[in-house]
Structures are given as C-alpha cells and as structure tokens.
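For reference, the structure is listed below as structure tokens.
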Amino acid sequence: MYPFIRLSISLLHARGQPKTSFDDVYESHHRVMPWDMDLFGELNNGLTLTLLDLNRLPFGQQTGWNRCLLNNGWAMTMAGVSVRYRKRIRMFEKVRITCRSAGRDDRFFYLVQTIWSGKTAATNAVYRCAVTNKKGLVPTQDVAVAMGAPDWAPELPAWVRAWIDAEAERTWPPES
C-alpha cells in the first residue's frame with residue numbers, strides 16, 4: 001500500500017520551509033523503516049522509488065508546481081526513470097534525499113534525485129515527467145508560462161540528453 005501517511009508528513013514538513021524556485025535543490029530527510037526492507041536487509045528497490053516520491057512531491061509543493069497543476073486541471077505522471085544504485089541502505093538508516101530540475105524539452109520535464117547515506121551518494125535517478133490533461137500531453141512551454149517562467153528552459157546536461165537519445169532507440173512496444 002502507498003504510504004499516504006508518510007507522504008502527508010513530508011508535505012506538512014515542506015509547508016514550513018521557505019518556497020524555492022524550480023532551479024533550487026530541495027532536500028528532505030527520511031528514516032528507512034523495517035517495512036522498506038527486502039529479504040537481504042536493505043532498502044527494497046521499489047520502495048526506493050517510493051522514497052523518491054516522498055521528496056519529489058514536496059519539491060513540487062515548494063516550487064509552486066503542484067498548485068499550478070491543480071489550478072489548470074493538469075496532472076503529472078512519470079514517463080520514465082533511470083536509476084543507479086551504488087550503496088546499500090540498511091534498516092533505520094537516516095538518509096537525505098535531494099531533488100532538482102535538470103531542464104525540459106518540448107514534451108517532458110527532467111528531474112534528478114539523489115539519496116545520500118552520510119556523504120555518499122547511494123542512489124541517483126533521473127525522471128522524465130509528463131504533464132497531462134484530458135487531451136494528452138501538455139507542452140512544457142504552456143506549463144512554463146502558467147508557472148510565470150516562460151523563458152525557463154535550461155540546457156539539459158549531456159548525460160541526460162544521452163539518456164533521452166538511448167530511450168528513443170528502444171523498441172516500443174517491447175517484444176512479448
């Protein structure tokens with residue numbers, strides 16, 4: 001079951017922090033609980049993505065993105081993710097999670113999130129986010145205008161562009 005209580009706590013905590021811009025790094029702190037573990041005593045890979053949700057959604061709250069989506073009848077969905085795991089995260093470990101925007105293209109926004117264990121980057125993920133309405137994708141320029149930042153279009157890092165290019169080469173739909 002999705003951890004709605006943990007998400008609510010994360011959103012409430014974020015409400016007390018200063019608002020940030022889309023270019024700022026949002027940081028949150030979380031404790032890995034027993035129900036987050038896999039059979040090997042480390043953070044389950046699926047729950048890693050859930051912990052990233054507990055950081056990304058407050059990032060949207062702090063930047064005003066969530067309010068913009070609600071005001072326009074839009075929704076956000078994840079349209080892809082690439083995750084790199086480099087360090088095991090154990091039960092009761094306190095982790096720091098960061099989220100920042102990497103930029104956008106015509107169709108998607110790209111967010112980079114990192115889970116830190118002490119001073120070590122344990123996990124890093126790049127997300128492709130789509131904003132949608134009843135008709136389908138909302139162009140990112142329309143979202144930028146609604147956010148009051150029509151000129152916001154930082155150049156995507158080369159490694160993110162390489163991931164986008166690699167994803168474009170993937171056969172879709174996949175073979176069954």
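For the atom pair K19 NZ and Q62 CD, the distance stands at 4.5 Å (nearest 0.5 Å). In this structure, R104 CZ and R128 CZ are separated by 15.5 Å, a value rounded to the nearest 0.5 Å. With rounding to the nearest 0.5 Å, the separation of CG in D106 from CG in D142 is 10.5 Å. Atom OG1 in T132 sits 10.5 Å away from atom CH2 in W74 (nearest 0.5 Å). From M78, atom CE reaches atom CZ of F109 across 11.0 Å, with rounding to the nearest 0.5 Å. Between T140 atom OG1 and Y110 atom OH the span is 9.0 Å, to the nearest 0.5 Å.
With S117 as reference, E93 is the one residue of R86, E93, R90 to meet the side chain to side chain donor-acceptor pair (under 3.5 Å) rule.
In this structure, A102 and L156 approach most closely via the heavy-atom pair O-CD2, 3.4 Å. Contact between L111 and S101 at its shortest, heavy atoms only, is CD2-CA, 3.7 Å. Of all heavy-atom pairs between S21 and D24, the closest is N-OD2, 2.9 Å. Nearest heavy atom pair, residue G148 against residue P150, reads C-CD, 3.5 Å.
Side-chain N or O atoms of N72 include none that pairs as donor or acceptor with a backbone N or O of L69 at under 3.5 Å. N66 places a side-chain N or O within 3.5 Å of a backbone atom of L57 that can act as its donor or acceptor partner. Under a 3.5 Å cut-off, the side chain of N55 and the backbone N or O of I97 do form a donor-acceptor pair. Within the 3.5 Å criterion, the main-chain N or O of A122 finds no donor-acceptor partner in the side chain of T120.
Between R88 and D38, no side-chain nitrogen of the basic residue sits less than 4.0 Å from a carboxylate oxygen of the acidic one, so the salt-bridge criterion is not met. In summary, R170 and E167 engage in a salt bridge, as defined by a charged side-chain N under 4.0 Å from a carboxylate O.
Following chains of ILVMFWY side-chain contacts shorter than 4.5 Å, one cannot reach W163 starting from V83, and the two form parts of different hydrophobic clusters. Cluster annotation: Y26 and M147 are assigned to the same hydrophobic cluster (Ile/Leu/Val/Met/Phe/Trp/Tyr, side-chain heavy-atom contacts under 4.5 Å, transitive). If you chain together hydrophobic residues whose side chains sit under 4.5 Å apart, F40 and V95 never meet in one group. Connection of L49 to V32 is established within a shared hydrophobic cluster, with ILVMFWY side chains joined at heavy-atom distances below 4.5 Å, either directly or through further cluster members. Hydrophobic clustering, with ILVMFWY side chains joined whenever heavy atoms are under 4.5 angstrom apart, keeps V112 apart from V81.
Between I5 and S8 there is no side-chain heavy-atom pair separated by less than 4.5 Å. Side-chain contact between T123 and T114: absent, with no pair of heavy atoms (C-beta onward) separated by less than 4.5 Å. Proximity of I89 to I115: side-chain heavy atoms (C-beta onward) are separated by under 4.5 Å at one or more points. Looking at heavy atoms from C-beta onward, R67 lies out of side-chain contact with Q61 at the 4.5 angstrom threshold.
More than 12 heavy atoms of other residues, nucleotides or ligands lie within 6.0 Å of NE2 in H29, so this atom counts as buried by the packing criterion. Within 6.0 Å of NZ on K94 lie no more than 12 heavy atoms contributed by other residues, nucleotides or ligands.
Seen from the ring of W65, R56 does not count as a face-on cation partner, given the 6.0 Å and 45° thresholds.
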List the steps and the verdict of salt bridge (Lys or Arg N to Asp or Glu O under 4.0 Å) for R96 and E27.
CA-CA 7 Å; R96 177 173 57 97; E27 182 176 296; 3.3 Å; yes
Step by step, work out the side chain to side chain contact (heavy atoms under 4.5 Å, CB included) result for W35 and L47.
CA-CA 9 Å; W35 46 85; L47 288 163; over 6 Å; no
Starting from the C-alpha separation in whole Å, work towards a yes-or-no answer on side chain to side chain contact (heavy atoms under 4.5 Å, CB included) for W159 and V126.
CA-CA 10 Å; W159 69 272; V126 59; 3.9 Å; yes
Which is it for F59 and F22 under the ring pair (Phe, Tyr, Trp, His ring centres under 6.0 Å) test, yes or no, and what are the steps along the way?
CA-CA 9 Å; F59 169 80; F22 219 51; 5.6 Å; yes
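A donor-acceptor contact closer than 3.5 angstrom is absent between the side chains of Q113 and R100. Inspection of the Y85 and N124 side chains reveals no N or O donor paired with an N or O acceptor under 3.5 Å.
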